[in-house]
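Notes follow the structure.
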Amino acid sequence: MPFRPLLAACVALFACVPACAQDTSFDAYLQQVAARARDAGVTQSTIASAFAGLTPNQRVIALDGDNTSSGGAARGFPPLAPYLESHNTQARIDGGRRAYQRLRPLAAQVEARYGVPAPILFAIWGHETSYGAVRGNFDLVRSLATLAWEGRRRELFEGELIDTLRILDTGIPRQTMVGSWAGAFGNPQFLPSVYLRLAVDGDGDGVRDIWTSEADTLYSIANYFRDAGWRAGQPWGVRAYTPNTVDRAALTTEVVAPVCPRVHVRHSQWRTVAEWRALGVTPQGPIADDAMVALFEPDGPSAPGYLITQNYRVILEYNCSNYYAMSVGLLADEIAR
């Protein structure tokens, strides 16, 4: 499973120079983490059970190295269409439609409570784990301990490791705590810190079960989106016709985003829909004239363009990638058809 934990953009904020990596033995480092976990209120029995016989996972170190060396910052922008073809497959669309139809009463309940359209919830679920079919099989304690010990992003992964211990301390079985190599788990692929903060017991059984409970899964994703600022009643974006007479250069944003700047720099200045209409840009779907939107043409002026809203930026909070956000939005549109 690729490295795509929630809020992955924050990883760069915790980057560590190579010299700090593996600056102590693995066992000695675990003793340090154990002390910090006890200070955080984790019981000694949970710590001892989780760390017993633990060894570094060399596969995780290799995957983390591959992720680092991918050269994303140096690349140009690949076309969107091939990404959509591989991610928004007909099987994924059909699976989302079936799940939506089967769970429509539950989905309506969640949508009414959180204001997030149900198709968006299913699109996230579909993208993250193919509706629960592929959740990852890495032991989270071992993976996160390995990444924290390695040291390149120690502050981030050590915090997630301690939060994993806190989850175990609530009675969640160790064998349940498996997921991606970088620590995301469950149907929505939450990081441990996100689970503790935003997971919801949607079915009222006393457990926030984002592994097997469809209610908890949908409630939790919706709670994440509401917390990230989803605006009810507004689409994520709409297809837009932009005539060649529009001066794209004059619309380039001068704002440098503090997080994921290469993602946001591809969006134009923000204007109301009415202002875009005055420029000749015509929305191809329903959207209020006073909605603030930016023009995004992922494959250039000769390809489909979109007017994206604040809700598109909420999808970016889940995974800061235009390819991901576009595919989620378009998958949701297909599921809703």
Side-chain angles (χ1 to χ4, degrees), residues 1 4-7 41-43 46 92-141 160 163-180 183-233 311 314-315 317-319 328 331-332 335-336:
M1 187 171 293
R4 293 176 50 266
L6 302 176
L7 305 180
V42 181
T43 62
T46 293
R92 183 164 287 171
I93 293 169
D94 292 343
R97 288 172 176 168
R98 287 193 300 271
Y100 186 22
Q101 290 300 319
R102 181 171 58 83
L103 299 172
R104 189 173 285 273
L106 170 64
Q109 184 181 43
V110 176
E111 183 173 332
R113 176 170 174 178
Y114 292 96
V116 183
I120 288 285
L121 308 180
F122 285 96
I124 291 290
W125 189 7
H127 267 284
E128 292 299 326
T129 58
S130 291
Y131 312 105
V134 185
R135 294 195 293 258
N137 57 8
F138 284 86
D139 175 76
L140 293 188
V141 172
E160 297 299 337
D163 282 342
T164 300
L165 297 174
R166 292 173 62 198
I167 294 170
L168 293 173
D169 220 22
T170 68
I172 299 295
R174 171 69 174 272
Q175 61 268 25
T176 299
M177 293 299 292
V178 296
S180 78
F185 64 92
N187 287 325
Q189 292 291 279
F190 279 0
L191 286 174
S193 59
V194 175
Y195 173 88
L196 288 172
R197 189 167 66 89
L198 295 174
V200 175
D201 174 18
D203 56 20
D205 67 353
V207 180
R208 296 186 291 174
D209 177 7
I210 61 171
W211 300 272
T212 62
S213 170
E214 294 164 332
D216 292 9
T217 295
L218 295 176
Y219 269 86
S220 296
I221 297 172
N223 192 37
Y224 182 101
F225 270 62
R226 184 175 67 178
D227 180 77
W230 185 273
R231 296 179 180 176
N311 288 340
V314 172
I315 300 174
E317 287 288 319
Y318 212 94
N319 183 351
V328 165
L331 177 60
I335 290 172

Requested in this report: Please name the pair of heavy atoms, one in Ile167 and one in Thr170, separated by the smallest distance, quoted to 0.1 Å.
Outcome: O-OG1, 2.5 Å
Query raised in the report: How about Ser220 and Arg208: do any of their side-chain heavy atoms sit closer than 4.5 Å?
Result: no
Report summary line: Looking only at heavy atoms, the pair that brings Asn187 and Ser213 closest together is ND2-O, 4.5 Å
Query raised in the report: Does the side chain of Asp201 reach to within under 4.5 Å of the side chain of Tyr219, using non-hydrogen atoms?
Result: no
Query raised in the report: What residues form a side chain to side chain donor-acceptor pair (under 3.5 Å) with Asp227, not counting sequence neighbours?
Result: Arg197
Report task. Look at the aromatic rings of Tyr131 and Trp125 and report parallel, tilted or perpendicular, splitting at 30° and 60°. Result -> perpendicular
Query raised in the report: Taking the six-membered ring for Trp, is the centroid-to-centroid distance between Tyr318 and Tyr224 below 6.0 Å?
Result: yes
Query raised in the report: Any side-chain heavy-atom pair from Leu168 and Val141 closer than 4.5 angstrom?
Result: yes
Report task. Enter the distance from Thr164:OG1 to Leu140:CG here, rounded to the nearest 0.5 Å. Result -> 5.5 Å
**Report entry** Which atom of Ser193 lies closest to which atom of Glu160, heavy atoms considered
**Finding:** OG-OE2, 2.6 Å
Report task. Quickly, which of Phe138, Phe190, Tyr195 forms a ring pair (Phe, Tyr, Trp, His ring centres under 6.0 Å) with Phe185? Name it, please. Result -> Tyr195
**Report entry** Which atom of His127 lies closest to which atom of Arg92, heavy atoms considered
**Finding:** ND1-NH1, 3.6 Å
